[in-house]
Amino acid sequence: MKFPWSHTTIVDMIQSDHKLEEKCDQVTSDIVAGKLNMAEFVEELGPALTHTDVSIRAKGTTLLSNVLVDLPADCLHASQVELLCTFYIDRSLDHNTVTPMVLTGIDALTRMTHFPDGAAVRLLRALFERVPCQSQKKPQRTLYFQLIVRLAERKTSELKEWGVDFVYGVIGAMEGERDPRNLMYLFEHMPPFLRTFPMFHLAEEMFETFACYFPIEFHPNPNDPVVITRETLAELLTNCLCATAELAEFAVPLLLEKLDSRLIVAKLDSLALLTRCLEMLDVAKVEEHHDELWTALKKELQSAGSKSASEKELVEAVYTAIQAMVKNASSREAAAKALLDKILLNVMGGLMDASSKQFETNLRVELSCAQASEYCAVYVIEKLIPMLLGQLHADGPIEPRIATVLVDAIQRLCAVCAHWYCIHKLDAAIVAQVHKKLIEILLQEADTSEQKRSALMALAAVPQMVTSENRYVVYSTIVKILLATGDKPLQTVAAVQQCLFSFAICYQQEVKTIVLEKLITHDYATADPSLVQLVFVTLGKVILYHGYVDKMIKFFLAKIFDPDNEKLSIVAMDTLTDAVESSNWSQLAKGELYEQYKLIDRFFEYVATNVPLSSEYLHAMAHLIGAVVKQLPVEEQKDLILKRLPTLQLQLRAHLYLASGLLGYLDQSVPLIDHFENLVTDLSKLSLESDDAKVRAVCNRLLCSLFNRMPDDEHHRGVLKRLLKTIREELKKHNHQAVIVLGWIGKGLIARGHSEAGEIVDDIADLLDHPTLGHMAALAFEILSIEFPQLHLPLLRNLFKQKLFVWVMKKLEQKLEHYAETHLTALAFVLAATPHTVLKMNLAKVGPVLLKCLAQDDDRTILEALAIVVRFTRDQDPFVQDHLQTLIPSLLKLTVRQSSMKIRIAALECLLYVCKYPTFLLLPFKQSTLLALQKPLDDPKRLVRNAAVATRLQWFVVGSGEEAKSDK
C-alpha cells in the first residue's frame with residue numbers, strides 16, 4: 001500500500017507536516033483492517049527512529065507509540081509484540097527526551113492480548129537498570145507504576161521465578177515518590193502484590209519504603225476536581241504496612257514510636273495500624289511487646305482529654321486497640337491470663353473507688369477486655385463483680401450517685417455476659433450475688449430511679465440468672481411501671497420494655513399468664529391517654545414474638561370493634577398498623593389479620609351495622625386496611641378488589657374511607673379499568689361539593705393516586721378530559737375547591753410524566769392572576785411540589801421535579817417585574833422542591849425571584865426562599881456576592897420579624913455565612929449591620945438570642961486581625 005507520506009521522506013514529514021495526528025489515525029485504521037503490516041510500518045519509520053537528531057528520534061518514537069496506544073488489544077500477534085518489545089528495550093538506552101514515549105509504547109504493549117512469555121522480565125530489567133523511575137516526570141512515573149502492577153498481575157509466575165531482583169527493582173521504583181495520586185495508586189495496588197511475591201531478605205527494606213510515609217501528612221488542594229483526602233491515603237497505607245504478617249512485625253515498633261507524637265492524627269493512625277497488626281500477627285510475635293503496648297495505651301488514656309471530638313475519637317481508638325490486643329492474646333489462654341492480670345493490676349485502684357475520676361476510664365478498659373473473647377468475659381466478670389458488690393455493701397450509707405454508678409457498671413458487665421452467652425461458665429456464687437442485689441433493687445428503689453433502670457437492663461440481658469421464685473418480682477415491677485400514672489422517664493420505659501421482651505422469649509407461659517393477662521384485663525376506659533399509648537405500643541411489639549400472636553391480635557381486635565370506647569379503638573388500630581408496617585414478617589398481615597381473623601371483612605361488616613364512627617376512627621381504619629393490603633400478594637389484591645370495590649357507595653363517608661384503605665397502596669398491576677370512571681366521577685363530585693374538609697382530603701389523594709396509575713389509552717384519556725372540562729366549568733363559578741382538585745390531579749400526572757401534566761400546570765399558573773382564585777392557585781403549587789408521606793404514587797418518573805421547575809419557570813419568567821404575591825408564593829414552593837444542583841444551574845433566573853420572595857408578607861414564602869438562600873450563601877455562590885447590597889438589608893429586616901422565630905433564626909444564620917465573603921465587600925455594611933443586630937440580642941426567644949450573639953460576633957471581627965486568626 002502507499003503510506004500517507006509516500007510523496008516525501010518520513011523525516012521531512014515529521015519535521016514539516018502539521019496533520020501528523022490525522023495520518024496516525026489513518027495508519028491505525030489500515031493496520032486494524034489488515035491493509036498495512038506492523039513490520040512494514042516500523043521499517044518505514046526506520047530513518048526517523050535512527051536519526052542522529054534527538055528531536056527527530058523522539059518524534060518518530062512518539063508516532064510509533066501513539067499508533068500502538070490506539071490499536072485494539074488483540075490486533076498484534078505474539079511475534080509482532082516480541083519484535084516491538086526488543087525495539088523498545090534497545091530504545092530505553094536513548095536520550096532522556098525519548099524516554100517518555102518509550103514508556104508510553106511499553107505501556108501499550110503490556111496491554112496486548114498476545115503479550116509473549118519472557119518479555120515481562122526483559123522489559124522490566126531494562127527499565128530498572130536504564131530508566132530510573134524517580135528521574136521521570138509525574139505522568140511517566142504513573143505509567144511506570146501501572147505497567148509494573150499490570151505485568152505483576154498478568155505474568156505472576158515468570159516474575160516470581162525472576163526472584164529477588166524483581167522485588168529490588170520495584171522498591172527502587174517506588175522509593176522517594178511524593179505525588180499523592182501516584183501514592184494512592186501504589187497504596188491501593190501494592191497489598192495484593194506484597195501477598196503474592198515473596199520478599200526474601202528485602203522484607204524490611206520493602207516495609208521501610210512504605211514506613212517513611214507514616215503517619216500521612218497531607219493537605220488536599222481545595223480546587224482539586226477529584227479530591228484525595230488524608231484519611232483515604234492513611235487507610236490505604238495501613239493496608240500496605242499490614243499486607244502480610246512478615247511486614248506487620250516491623251509495624252509494631254514503628255507505631256510505638258509514633259504514639260509518642262503530639263499530633264492526635266499521628267496517634268489515631270498508629271492505633272488503627274496497631275489494630276490491623278494484631279489481626280495479622282500470632283500471639284507469640286506480639287507477646288514480647290505486651291508491656292510496651294499496654295504502657296503506651298495506658299499513657300494515652302491518662303493524658304487524653306475528652307472535650308474535643310478528636311480527643312474523644314482518640315480515647316475510643318485506645319479502647320478498640322486494647323480489645324484487639326486482648327483478643328489477639330486470647331488464642332493462647334496462658335498469654336491471655338498474663339495480659340489480663342497485668343491490666344487488672346494497673347486499673348484495680350481506680351475500680352475500688354466508684355467516686356474516683358478514673359473509675360469510668362478503668363471500667364471501660366476492663367469492658368474492652370471482656371468484649372475480646374468468651375474467656376476474657378468470664379475472667380473480667382468474675383474479677384469485677386465482687387469489687388462492685390463489695391462497694392455497694394460497704395458499711396455505712398452510700399451516696400445514691402455512687403450506687404447508681406456501681407449498678408450501671410454491673411449492668412454493662414451483664415450486657416457483655418449476654419453477648420458471649422457465658423452465664424453458665426460463671427461462678428454460681430457470683431451469679432447468685434448479682435441476682436440477689438438486682439432483685440433487692442427492684443423491691444426497694446423508686447420506679448423512676450436510675451438504679452432500677454440499670455437493674456432492669458441487667459435482668460433483660462441475662463434473664464436466665466433469675467430464679468423461679470424471684471421472677472414474679474420482675475413481672476410485678478414490669479406491670480407496676482407500665483400501669484403507673486404520671487410521666488415516666490423514657491429510659492426507664494425502654495428498660496421495662498426490653499426486660500419484658502427478654503423474659504417473653506425465655507419464659508413464654510409465665511409472661512402470658514402473669515404479665516400479659518394483667519395488662520390485657522386492665523380497665524383502660526378511664527385511663528390516661530399517654531398510659532394507654534404506652535401499654536398498647538408495648539403489647540404491639542410483643543405480637544412479633546413467636547407464641548404471642550393469637551393472644552395479642554384477639555385483644556386488639558376486641559378493642560377495635562368496641563363501639564363503647566372509640567378512643568381505645570383508634571389507639572389499637574394505630575398499634576396494629578405500626579406492627580404491620582415496621583415488621584419484616586408479612587405473615588402477620590396476610591396469614592393472621594387477613595386470612596385467619598378476616599380483618600377487612602370484619603371492617604366491612606362493622607361499617608354495615610351503621611354504628612356512628614368519627615372521622616378519626618375511619619382514618620385509622622383506612623390506614624390499617626392500607627397497611628394490610630400493601631402486604632398482600634397481587635392475586636389476593638385482585639380478588640379483594642373484585643369482591644369489595646363494587647359494593648361501595650362513595651357518597652357514604654364510611655364507604656369512602658374503606659375505598660381509601662383498599663386503593664391507597666394497591667399494586668400497579670391490579671386492574672381498575674371496570675371501576676375507574678365511576679370512581680373518578682364519584683370522588684371528583686365529593687371533592688368539589690362536600691363541606692367536610694377531611695372527606696375532600698381523602699377524595700383528593702385517591703384522585704391523585706388513580707390518575708398516577710391510570711393506563712395511558714384513549715378511554716382513560718377521555719375520562720381525564722371530561723373531568724378537566726368539569727373542573728374548568730367550576731372554576732368559572734369561582735369554586736375554590738376546583739383549584740385544589742386540579743392541583744392533586746396534576747401532581748399524579750406530573751409524577752408519572754404524563755403528556756397532559758403541562759397543560760394542567762399552565763392552567764394553574766394562569767389562575768395566579770385571578771382576583772379570587774389566585775391564593776388557591778398558589779396553594780395548588782404547594783400540592784404539586786411537596787411530598788406527602790402517606791400518598792402512594794405507583795408510577796414515578798425520574799427527574800419529574802426538574803420537569804415541574806422547567807414548566808413553571810418557562811411560564812412565569814417573562815413576568816418577573818410584575819410578579820404578584822401569589823406568583824412568588826407559588827414559585828417559592830416549586831423552588832423548595834427543586835434539587836439544589838438544578839437551582840444552581842439556573843441561578844441567574846432563580847436568584848432575583850428569591851430576593852423578591854424575601855420582601856413578601858407571607859411567612860411561608862419567606863421561609864422557603866430563605867432556606868434556599870442560606871444554602872447558596874453557605875456555598876459562597878458568586879450570585880450572592882454580586883447582590884450583597886440587596887440581600888443584607890433584607891436579612892436585617894427579617895432578623896426582627898415578630899411573626900416567625902424560624903425566620904429570625906434563618907436570617908441570622910444567613911448573615912453569619914455572609915461573613916465568609918471577602919472583607920472588602922463586607923466593610924461598607926459593617927457598621928449598619930452591627931447596629932441592626934443589637935435588637936435581636938434582646939429577642940424574647942433564647943434560640944434567636946444565641947444566633948444573634950454568634951452572628952454579631954462574627955461581624956464584629958470583620959476586617960480585624962481576629963478574623964484572619966479564625967480563618968486559620
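Remember, predicted model here, so these are calculated numbers, not experimental data. Quick note: numbers below take in every heavy atom, side chains included, and nothing from hydrogens, waters or symmetry partners.
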Backbone N/O of [Y] and side chain of [X]: donor-acceptor pair under 3.5 Å:
| X | Y | value |
| --- | --- | --- |
| T647 | K643 | no |
| K559 | S569 | no |
| S582 | D578 | yes |
| Y524 | L519 | yes |
| Q497 | V537 | no |
| S690 | R696 | no |
| S705 | R701 | no |
| Q637 | V629 | yes |

Could you tell me whether R471 sits above the aromatic face of F503, with NZ or CZ closer than 6.0 angstrom to the six-membered ring centre and within 45 degrees of the axis?
no
Side-chain H-bond candidate by donor/acceptor type, S900 with D859, under 3.5 Å
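Their side chains do not contain a donor-acceptor pair, so the 3.5 Å distance test is not met.
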Worked verdict on E595 versus K590 for salt bridge (charged side-chain N to carboxylate O under 4.0 Å, His left out):
CA-CA 6 Å; E595 293 180 355; K590 179 182 180 296; 2.7 Å; yes
At what distance, to the nearest 0.5 angstrom, does [atom1] of [X] lie from [atom2] of [Y]?
| X | Y | atom1 | atom2 | value |
| --- | --- | --- | --- | --- |
| N708 | W744 | CG | CH2 | 12.0 Å |
| F676 | L720 | CZ | CG | 7.5 Å |
| L702 | S684 | CG | OG | 12.0 Å |
| E689 | Q737 | CD | CD | 11.5 Å |
| L624 | T577 | CG | OG1 | 4.0 Å |
| H619 | M621 | NE2 | CE | 11.0 Å |

What closest approach, in Å, do [X] and [Y] show between heavy atoms, and which atom pair accounts for it?
| X | Y | value |
| --- | --- | --- |
| V407 | A455 | CG1-N, 4.1 Å |
| C506 | P463 | SG-CG, 3.6 Å |
| E864 | A828 | CB-O, 3.9 Å |
| P794 | R709 | CG-CB, 4.0 Å |
| F707 | L749 | O-CD2, 3.7 Å |
| I786 | K747 | O-NZ, 2.5 Å |

Which is it for Y665 and Q631 under the side-chain contact (heavy atoms from CB on, under 4.5 Å) test, yes or no, and what are the steps along the way?
CA-CA 9 Å; Y665 289 96; Q631 299 286 343; over 6 Å; no
How far apart are the C-alpha atoms of R653 and S615, what are their side-chain angles, what is the distance that settles it, and do they pass the side-chain hydrogen bond (donor to acceptor under 3.5 Å, both in side chains) test?
CA-CA 9 Å; R653 191 165 57 102; S615 296; 2.9 Å; yes
Do [X] and [Y] have side-chain heavy atoms sitting under 4.5 Å apart?
| X | Y | value |
| --- | --- | --- |
| V761 | L804 | yes |
| L568 | D562 | no |
| I560 | Y617 | yes |
| L662 | F604 | yes |
| L791 | C704 | yes |
| H522 | V479 | no |
| L731 | D763 | no |
| V808 | L784 | no |

Checking I441, L438, V496, L500 against L456 for side chain to side chain contact (heavy atoms under 4.5 Å, CB included), the one that qualifies is V496
Partner of E592 under side chain to side chain contact (heavy atoms under 4.5 Å, CB included), picked from I543, I553, V580, is I553
Restricting to pairs with a member in [range], which pass side-chain hydrogen bond (donor to acceptor under 3.5 Å, both in side chains), not counting sequence neighbours?
| range | result |
| --- | --- |
| residues 599-613 | D601-R644 |
| residues 791-800 | none |
| residues 473-496 | Y475-E510 |

Crowding at [atom1], [X] (>12 non-hydrogen neighbours, <6.0 Å):
| X | atom1 | answer |
| --- | --- | --- |
| K803 | NZ | no |
| E787 | CD | no |
| H736 | NE2 | yes |
| K518 | NZ | yes |

Hits for side chain to side chain contact (heavy atoms under 4.5 Å, CB included) against Q444, two or more places apart or cross-chain, chain-then-number order -> E440
List in chain and number order the residues that pass side chain to side chain contact (heavy atoms under 4.5 Å, CB included) with V634, two or more places apart in sequence or in another chain; answer none if no residue qualifies.
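Per chain and number, V634 pairs via side chain to side chain contact (heavy atoms under 4.5 Å, CB included) with K638, D667, S669, V670.
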With a 4.0 Å cut-off, would you call E517 and K551 a salt bridge?
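A salt bridge is present here (some side-chain N lies under 4.0 Å from a carboxylate O).
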Looking at K694 and E616, does any basic side-chain N land under 4.0 Å from a carboxylate oxygen?
yes
Please walk me through it: do L663 and L645 pass side-chain contact (heavy atoms from CB on, under 4.5 Å)?
CA-CA 9 Å; L663 301 172; L645 196 56; 4.2 Å; yes
Audit row: F501, V511, side-chain contact (heavy atoms from CB on, under 4.5 Å) steps and yes/no:
CA-CA 9 Å; F501 303 149; V511 171; over 6 Å; no
Could you walk me through whether D550 and Q596 pass the side-chain contact (heavy atoms from CB on, under 4.5 Å) test, one step at a time?
CA-CA 10 Å; D550 290 341; Q596 183 174 345; 3.9 Å; yes
For residues 526-534, tabulate all N or O donor-acceptor pairs below 3.5 Å that involve a side-chain atom, not counting sequence neighbours.
residue : atom : partner : partner atom : Å
D528    : OD2  : S530    : N            : 3.0
D528    : OD2  : S530    : OG           : 2.2

Parallel, tilted or perpendicular: rings of Y548 and Y545 (30°, 60°):
perpendicular
